[in-house]
Amino acid sequence: MKYVLIFILAIYLIFKSTPQLKFCNIDTAKMAIPPRIFFDSAIDGRAQHVLVTRFFHNKVGIFSNELGRCYFGTIEPYYLFNTLGFIGFAAWLFAMFEFTLSKRWKILALILLLPLVPFIQFGYWKIIPYTHKVISLAGFILFMKRHEK
Amino acid sequence: MRFPKKQSLLLISILFLAAVLRFWHFSTNPPGLYWDEVANGYNAYSILKTARDEYGNFMPLTFRAFNDYRPALAVYTLIPTIVLFGLNEVGVRFPAATLGVITILLTYLLVKEFFRDEKIALTSSLFLSIASWHINFTRAQFEASFMLFFSLLALFLFLKSFKNFKLLVLSSVFFALALNSYQGAKVWIPIFLAAIIFWYRKELLIFGTKLLLPLAILTVSTMPIVLDFQNSLMRGKSVSIFNNNKHPKESFFSGYLSHYSPNFLFISGDSIGRHNVSGMGQLFVFEIPLILIGLFVLLRQKSRTKNFLFTWFLLAPLPAAISTPAPHALRAITFLPLWSIIGAIGLIKLINFHLKPAIKILLLFLLFSVGFYNVLTYLHLYYNHYPKEKALDWQDGYKEMVTYVGSVQNKYRSISITKAYGQPYIFVLFYLKYDPKKYQLQSEDKNKFDKFNFYPPNIDSGENTLIITTEDVASTHNLLKQFKLRGGDVVFEAREP
């Protein structure tokens with residue numbers, strides 16, 4: 001019975017449509033820097049010391065902010081919900097919890113670093129939703145195994 | 001309750017920090033009073049002078065204001081501070097800032113009650129004291145911060161009431177006040193109460209028939225809503241996802257999950273100008289690892305506290321999820337102080353991790369450095385950028401314009417003021433301290449009172465008139481004065497035909 005359920009979920013996940021992720025990579029992050037530096041510096045004005053302006057508004061900070069925006073876009077809860085469905089999303093959360101509980105740091109590191117791959121334009125964005133589907137299926141299997149005991 | 005000396009000093013320091021962050025220049029930043037603050041302030045002034053609101057209703061249980069029939073508590077709490085400080089920014093914002101500071105103390109007491117751990121309690125209150133989410137909503141008069149305060153106070157008294165029935169009665173009184181403090185409380189307080197009653201039902205059932213008294217108090221507290229039911233629902237209907245929406249289910253899931261979005265929490269925050277500084281999330285970036293650790297630690301616990309807090313965590317976005325727009329930091333204020341508590345659990349766990357001392361020190365140093373930078377950046381954005389960027393969201397410019405109008409009004413037969421920035425009539429009433437008794441006789445017509453006209457539709461450009469307009473370079477009327485926002489943009493012009 002459990003294999004049937006796993007098979008059904010696998011089929012569902014494979015054929016479920018994946019919403020488009022926002023176009024976001026290292027180039028878009030770099031492009032965002034100059035206008036934001038200009039805007040923030042203009043608000044600070046000439047009365048403020050340039051070092052203070054640079055401390056708060058700098059390329060590293062803005063790039064990190066854009067990188068964060070791109071990265072977090074791949075693990076947006078509503079995006080995961082639309083990609084995996086309700087049960088798939090719950091299974092994904094369970095998988096992350098189980099990997100942490102069983103200290104599978106290498107798997108977690110891989111999952112957490114994967115969204116950076118298309119960001120640095122090394123791979124195709126589709127790798128993201130399909131990775132989530134695999135994690136979700138793994139989570140479902142782990143859940144079934146746990147309750148088998 | 002006795003506090004050990006060292007912890008007392010730490011707690012007092014945290015409360016002092018909270019007070020500084022909430023009171024420092026709070027009359028000028030946020031820039032300008034926005035229309036809800038002004039409406040509440042003027043209605044409180046009207047009650048003070050005449051015991052009637054702007055429409056002449058005697059001691060109302062809901063305030064009609066802009067036909068949104070808002071709960072009364074936030075207005076009545078302004079009366080003492082208006083007596084003390086006058087009808088101005090301080091008089092209007094003082095209660096919210098004060099209750100905001102006391103909320104930090106309540107967080108400490110609540111967390112001590114939940115976990116019996118001094119370090120988690122102090123760290124939670126520290127995190128809430130510097131939380132931009134809480135600071136933003138306690139430096140101005142947002143009714144939701146009143147709901148937060150009263151509901152946390154009620155929860156604390158509830159937790160202390162298991163051997164003292166009187167505290168349960170007091171708790172029900174404060175839940176009743178919370179219900180009448182904010183529109184969103186009509187959704188949140190029943191849900192919150194249901195969660196509390198579910199997880200603590202064993203302790204409640206011990207009281208037996210005595211429970212009828214707190215139940216009666218809560219029932220009576222719904223009277224302001226029940227007695228004016230149609231009007232009480234008006235605001236809720238206008239923002240509901242079920243109103244003229246073909247896909248309410250999608251809107252609900254999208255709205256609900258958006259409040260757990262890392263982008264909303266850590267990168268961009270709420271897009272509504274009054275709710276957040278640009279360029280930062282609702283929480284600080286340094287809290288990311290702490291929250292992850294804290295959530296994991298909490299989930300692994302097997303305790304009723306964990307069950308209750310986790311239920312609270314899952315229910316918190318509901319008032320915001322059934323309304324638009326979403327995510328909405330104000331309606332989701334119900335999350336506070338959970339994020340601070342979870343972050344505190346994470347930090348204490350991190351400190352107690354079995355790591356090599358050098359690695360632990362390095363990690364904590366990194367965390368402290370990033371945290372320090374985050375908080376400094378927030379303060380810079382809040383005090384330097386926010387008043388300029390968000391001046392229009394806060395309807396800056398009205399005070400200067402109305403003060404000018406007040407100084408010259410005797411020279412004119414009629415004064416026409418643009419409605420471009422919304423509800424100009426209430427700003428005129430507030431800043432001119434217009435006699436409420438006189439206004440109540442003419443309050444139904446929001447397009448004019450006394451010699452003031454608000455256009456469209458009413459503009460009088462005849463002889464001996466003053467026109468307050470938006471910036472209009474093509475106008476042929478004689479320009480007398482311009483009024484500018486903090487950022488330098490012209491918001492009003494005073495012209496004579």
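Quick caveat, the model's predicted, so the values are computed rather than measured. Each chain gets a letter, A, B and so on, in the order the sequences are listed, and its residues count up from 1.
The number of heavy-atom neighbours closer than 6.0 Å to CD1 of A:I141, taken from other residues, nucleotides and ligands shown, is above 12. Within a 6.0 Å sphere centred on NZ of A:K22, heavy atoms belonging to other residues, nucleotides or ligands number 12 at most. Atom CZ of B:F368 has 12 or fewer heavy atoms from other residues, nucleotides or ligands within 6.0 Å. Within 6.0 Å of the CZ atom in A:F143, the count of heavy atoms belonging to other residues, nucleotides or ligands does not exceed 12. Enclosure of atom CZ in A:F7 is not indicated, since only 12 or fewer non-hydrogen atoms of other residues, nucleotides or ligands lie within 6.0 angstrom. Heavy-atom neighbours of B:K349 NZ from other residues, nucleotides or ligands within 6.0 Å: at or below the threshold of 12. Annotation for B:Y383: atom OH counts as buried by contact number, over 12 foreign heavy atoms lying within 6.0 Å.
Counting only heavy atoms from C-beta outward, the side chains of A:P77 and B:S258 never approach each other to under 4.5 Å. Considering only heavy atoms from C-beta on, A:Y79 stays 4.5 Å or farther from B:L257 through its side chain.
Below 30°, between 30° and 60°, or above 60°: for B:Y373 and A:F55 the angle between ring planes is above 60°, a perpendicular geometry. A:H57 and B:H380 have tilted rings, their planes meeting at an angle from 30° to 60° on a 0 to 90° scale.
Both the backbone and the side chain of B:L376 come within contact range of chain A, judged by heavy atoms closer than 4.5 Å. For a residue to count as touching a neighbouring chain, one of its non-hydrogen atoms must lie under 4.5 Å from one of that chain's; by this rule B:I288 touches chain A with the side chain only. For B:S261, the parts lying near chain A are the backbone and the side chain together; criterion is any non-hydrogen pair under 4.5 Å.
A distance of 6.0 Å or more separates the ring centres of A:Y78 and B:F253.
A pairwise comparison of heavy atoms in B:I267 and A:F72 identifies CG1-CD1, 3.6 Å as the closest pair. The heavy-atom pair separating A:G73 from B:N263 by the smallest distance is N-ND2, 3.7 Å.
Using a 4.5 Å heavy-atom cut-off against chain B, the contacting residues of residues 91-112 of chain A are A:F97, A:T100, A:L101. For residues 37-52 of chain A, heavy-atom neighbours of chain B at less than 4.5 Å comprise A:F39, A:D40, A:I43, A:D44, A:Q48, sorted by residue number.
Residue with the most contacts toward chain A among B:H385, B:E250, B:E389, B:K388: B:H385 (heavy-atom pairs, distance under 4.5 Å).
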